[in-house]
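Read the structure below first, then the notes.
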Protein chains: 2
Amino acid sequence: MEPLYSITDLAREFKVTTRTIRYYEDKNLLSPKREGQRRIYGSRDHVRLRLIMRGKRLGFSIEEIQGLINLYDVDATESSQLYKFLEMIRQRQQALRQQQIDISETLSELDKREGECVALLGNTIDTGRRK
Amino acid sequence: MEPLYSITDLAREFKVTTRTIRYYEDKNLLSPKREGQRRIYGSRDHVRLRLIMRGKRLGFSIEEIQGLINLYDVDATESSQLYKFLEMIRQRQQALRQQQIDISETLSELDKREGECVALLGNTIDTGRRK
DNA sequence: CAAAAAGCTAACGTTCACGTAAAGTAAAGG
DNA sequence: CCTTTACTTTACGTGAACGTTAGCTTTTTG
């Protein structure tokens, strides 16, 4: 049996406000059932909210996240749309690969700066890093 | 001798408007020389603009990018600030590592979807991927 | 040399992603 | 039974990141 969530359940779990969750519904990213007037969220919404948060951490707009989620959702049966669909996937992949490059560049620069700092401060401080 | 750029030079190269470049100056991310009233950008500005664009691709706000650039810039001589500085570096690293995880998750999901698509379309289409 | 092109400041406009306040309903607890 | 507590809709407010328009100077080009 499916787990059910109230709006505050989700808000707590994902550390956002209820306003934010309703906003995503407004943008058609979530579509909870209703029990009277109240929103009831199922596991599908739970998954989607996780995808939304991940998208936000990657700096995507709601619209882009919308697109990404649809990539998972569409049961691509129509071959005419399938090609466009594939195009979109590849565009997304391309952007993500660029992000990977950007991150590793930035990280290696930060590592360098970190090394300098640690050297200046002496080795008294734990790096917080497991080797 | 240092290469020099006009505002439109930079705008063209980085595919942004001149307005955007002036906006970054307003936010103290760039500080071009002046020749009369005109802005003259040097290699320092050029580098900074590259860092800005990279930050934007990673979804950072101007303020965060500001912080990141300062991490490269600060000649951390004051040991009191050095620790705080190190803290900031580590926070940034943490966020970037999370982004790496998010990206690889997303990419592997997209790869899966891509595989499904390609299978449905037959192998007639080049993947655009060098092996 | 006149006109188009490039640059400038100043200021108002716009979109996104929510925050916040108002005003009402519904369920749960002391 | 009354009052918190949770939830609802509606609507105006807000900060970030520019877009756009206006009005003016400077430079380049046919």
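Chain naming here is simple, since letters A, B, ... match the order of the sequence lines and numbering starts at 1 in each. Just so you know, these numbers come straight off a predicted model, no measurement behind them.
The side-chain contact (heavy atoms from CB on, under 4.5 Å) search around B/Gln99 returns A/Leu58, A/Gln99, A/Ile103, B/Leu58, B/Phe60, not counting sequence neighbours.
C/dC8 atom P lies 7 Å from atom CD of B/Gln37, rounded to whole Å. Summarising the geometry, the separation between CD on B/Glu35 and P on C/dC8 is reported as 11 Å, rounded to the nearest angstrom. Atom CG in A/Asp9 sits about 11 Å away from atom C1' in D/dA6, given to the nearest Å. Following rounding to the nearest Å, A/Arg12 (CZ) and D/dA6 (P) show an atom-to-atom distance of 8 Å. Summarising the geometry, the separation between CD on A/Gln66 and P on C/dC16 is reported as 13 Å, rounded to the nearest angstrom. Across the protein-nucleic acid pair, A/Asp26 atom CG and C/dC18 atom P stand 12 Å apart, rounded to whole Å. Between B/Lys33 atom NZ and C/dG7 atom P the separation is 19 Å, expressed in whole Å. Look at CD1 on B/Ile21: it is 15 Å from C1' on D/dG19, rounded to the nearest Å.
Transitive grouping of hydrophobic side chains (ILVMFWY, heavy atoms separated by less than 4.5 Å) keeps A/Ile101 and B/Leu110 in distinct clusters.
Within 4.0 Å (heavy atoms only), A/Arg39 reaches sugar-phosphate atoms of the nucleic acid but no base atom.
Here the NE2-OH distance, from A/His46 to A/Tyr41, works out to 12.5 Å after rounding to the nearest 0.5 Å.
Closest to the A/Ile7 side chain, of the nucleotides C/dT9, D/dT9, D/dC7, is D/dC7. Candidate nucleotides C/dT9, D/dA6, C/dA6 were compared by shortest atom distance to the side chain of A/Arg38, and D/dA6 ranks first.
When atom types are taken as modelled, the side chain of A/Asp9 and the backbone of A/Ser6 share a donor-acceptor pair closer than 3.5 angstrom.
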So which protein nitrogen or oxygen atoms get under 3.5 Å of nucleotides 12-18 of chain D's nitrogens or oxygens?
from: D/dA17; atom 1: OP1; to: B/Ile62; atom 2: N; distance (Å): 2.7
from: D/dC18; atom 1: OP1; to: B/Lys56; atom 2: NZ; distance (Å): 3.0
from: D/dC18; atom 1: OP2; to: B/Tyr24; atom 2: OH; distance (Å): 2.7
from: D/dC18; atom 1: OP2; to: B/Lys56; atom 2: NZ; distance (Å): 3.3

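The side chain of B/Arg34 places an N or O atom within less than 4.0 Å of a non-bridging phosphate oxygen (OP1 or OP2) of C/dT9.
Hydrophobic clustering, defined by side-chain heavy atoms of Ile, Leu, Val, Met, Phe, Trp and Tyr closer than 4.5 Å, groups A/Ile40 together with A/Leu4.
B/Ile62 pairs with exactly one of B/Asp26, B/Asn28, B/Leu29 by the side-chain contact (heavy atoms from CB on, under 4.5 Å) rule, that one being B/Leu29. Tested against B/Leu51 for a side-chain contact (heavy atoms from CB on, under 4.5 Å), the candidates B/Ile65, B/Leu68, B/Ile69 yield a single pass: B/Ile69.
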